[in-house]
Amino acid sequence: MPDSLIIPRTKVRPKTERPKLHKVILLNDDFTPREFVVTVLKAEFHVGEDLAHKIMITAHRRGVCVVAVFTRDVAETKATRATEAGKAKGYPLQFTTEPEE
Ligand code: TYC
């Protein structure tokens, strides 16, 4: 076989765009009990007790904490549901979303 023989690639690999991911962000407030924030994080984002506590305490100390990233629809649905869970108990707990860079 000559050195210069070029074998064409036969498999087609279509380039698929990855959907942009969106962050769910937990906002601190002065009223929602810490334990309730942890409970909502565990229920809505399926994180364990230790991670939920870490996320809560980071938001408590710094004002905000990124909870997780999802596709836009999932991020918005989870942020809404988690915010509603607080509202149902009369707490001002807030989750927002923002697109990743
Ligand atoms: N700052 C609240 C308190 O001291 C607890 C809290 C933490 C509320 C994180 C919201 O995202 C939050 N009771």
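First listed ligand is number 1; within each ligand, the first listed atom is number 1. These figures come from a predicted structure and were not determined experimentally. Computed over heavy atoms, backbone and side chain alike; hydrogens, waters and symmetry mates excluded.
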Distance-minimising heavy-atom pair for [X] and [Y]:
X: Val47; Y: Ala52; result: CG2-CB, 3.8 Å
X: Gly86; Y: Phe36; result: CA-CE2, 3.6 Å
X: Phe45; Y: Ala82; result: CE1-CB, 4.0 Å

Inter- and intrachain pairs under side-chain hydrogen bond (donor to acceptor under 3.5 Å, both in side chains), touching residues 28-47, at least two apart: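 Found Asp29-Thr32, Arg34-His60, Lys42-Glu49, Glu44-Arg81.
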Check each N or O atom of ligand 1 against all protein N or O atoms and list the pairs under 3.5 Å, with atom names and distances to 0.1 Å, one per line.
from	atom 1	to	atom 2	distance (Å)
ligand 1	1 (N)	Asn28	OD1	2.8
ligand 1	1 (N)	Asp29	O	2.7
ligand 1	1 (N)	His60	ND1	2.9
ligand 1	11 (O)	Leu27	O	2.8
ligand 1	13 (N)	Thr32	O	2.9

ILVMFWY clustering at 4.5 Å (side-chain atoms), partners of Val12: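 Grouped by the 4.5 Å side-chain rule, Val12 forms a cluster of one, so the answer is none.
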Test side chain to side chain contact (heavy atoms under 4.5 Å, CB included) applied to Thr58 - qualifying residues, sequence neighbours left out: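 Arg62, Cys65.
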